[in-house]
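Following: one structure in structure tokens, then a few remarks.
Naming: A, B, ... by sequence-line order, numbering from 1 per chain.
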Amino acid sequence: EAQVTQNPRYLITVTGKKLTVTCSQNMNHEYMSWYRQDPGLGLRQIYYSMNVEVTDKGDVPEGYKVSRKEKRNFPLILESPSPNQTSLYFCASSSWGRGSPEAFFGQGTRLTVV
Amino acid sequence: AQSVSQHNHHVILSEAASLELGCNYSYGGTVNLFWYVQYPGQHLQLLLKYFSGDPLVKGIKGFEAEFIKSKFSFNLRKPSVQWSDTAEYFCAVNAGGGSQGNLIFGKGTKLSVKP
């Protein structure tokens, strides 16, 4: 079954404590991205990756890092989380360059930073 | 920069009413267009998509959308909504005709259907 898997689903942490949210896809997609969803603001892209070792900033990259060492994995790293990073995070993957960039989304990670 | 506008923040309808959610985008070139739905507490799921051809696209659960190039619009419609359609709906655009995987989302429209 085609899927994007995020872990953890829920996380409560304290300010400044480094954390990583993992994302893995089994569709051999080149393109992966991270979004945060906040009430009234929709989905805003944090970072994206067009392939292994190729990453770039989205609209709201401050305070986040990513890496793409393998095609299937695209972890989101918060080196020093702050309360304004409390949000619902979604990872997505899609194929591209073939005219069918439908994005598949993970189940989401609800992060609370206190 | 590309952008997507969804005009309605929150729409409240009674069951069996007709639905139309507006979506406009700003990009002059070739686009792929999508509507995603997010049921309460769940992730985004694809409702329908337009790449080329017939501008009237039919999706799952009785939804359809019409691409009007001259108006830069891709409005979502359903003739008769059900309580189970209560969800948030997101319009998204991929600019460049699929050459990039990047999706730009609108801010979403929350639909509440009263039984």
Is there a chain of hydrophobic side chains (I, L, V, M, F, W, Y, each step under 4.5 Å between heavy atoms) that links A:Y31 to A:V66? no
Using a 4.5 Å cut-off on heavy atoms from C-beta on, say whether the side chain of B:H43 contacts that of A:Q37. no
How about CD1 on B:I60, more than 12 heavy atoms from neighbouring residues, nucleotides or ligands closer than 6.0 Å, or not? yes
Would you say the side-chain atoms of B:Y36 pair up with the backbone N or O of A:A103, donor to acceptor, closer than 3.5 Å? yes
Heavy-atom contact with chain A under 4.5 Å, split by part of B:Q45: neither
Does any backbone or side-chain atom of B:L44 lie under 4.5 Å from a heavy atom of chain A? Answer side chain, backbone, both or neither. both
Heavy atoms of A:Y35 and B:L103 approach each other most closely as OH-O, 3.2 Å
Are A:I46 and A:F104 linked, directly or through other ILVMFWY residues, by side chains that come within less than 4.5 angstrom of each other? no
If I measure from the heavy atoms of chain B, does A:Q45 come under 4.5 Å with its side chain, its backbone, both, or neither? side chain
Could you look at B:Q6 and say if it's the side chain, the backbone, both or neither that has a heavy atom under 4.5 Å from chain A? neither
Applying the 4.5 Å side-chain criterion to the ILVMFWY set and letting contacts propagate, would A:F90 and B:F105 be lumped into a single cluster? yes
Please give me the minimum heavy-atom distance between A:L88 and B:Q38, naming the atom from each residue. CD2-NE2, 4.3 Å
Grouping I, L, V, M, F, W and Y whenever their side-chain heavy atoms are under 4.5 Å apart, do A:L111 and A:L43 come out in a common cluster? no
Is the NE2 atom of B:H9 crowded by more than 12 outside heavy atoms at less than 6.0 Å? no
Counting heavy-atom pairs under 4.5 Å with chain B, which one of A:S33, A:G58, A:G106 comes out on top? A:G106
Establish whether A:V4 and A:V21 are linked, either directly or via other cluster members, by ILVMFWY side-chain heavy-atom contacts under 4.5 Å. no
Can you say whether A:Q6 sits under 4.5 Å from chain B via the side chain, the backbone, both, or neither, judging by heavy atoms? neither
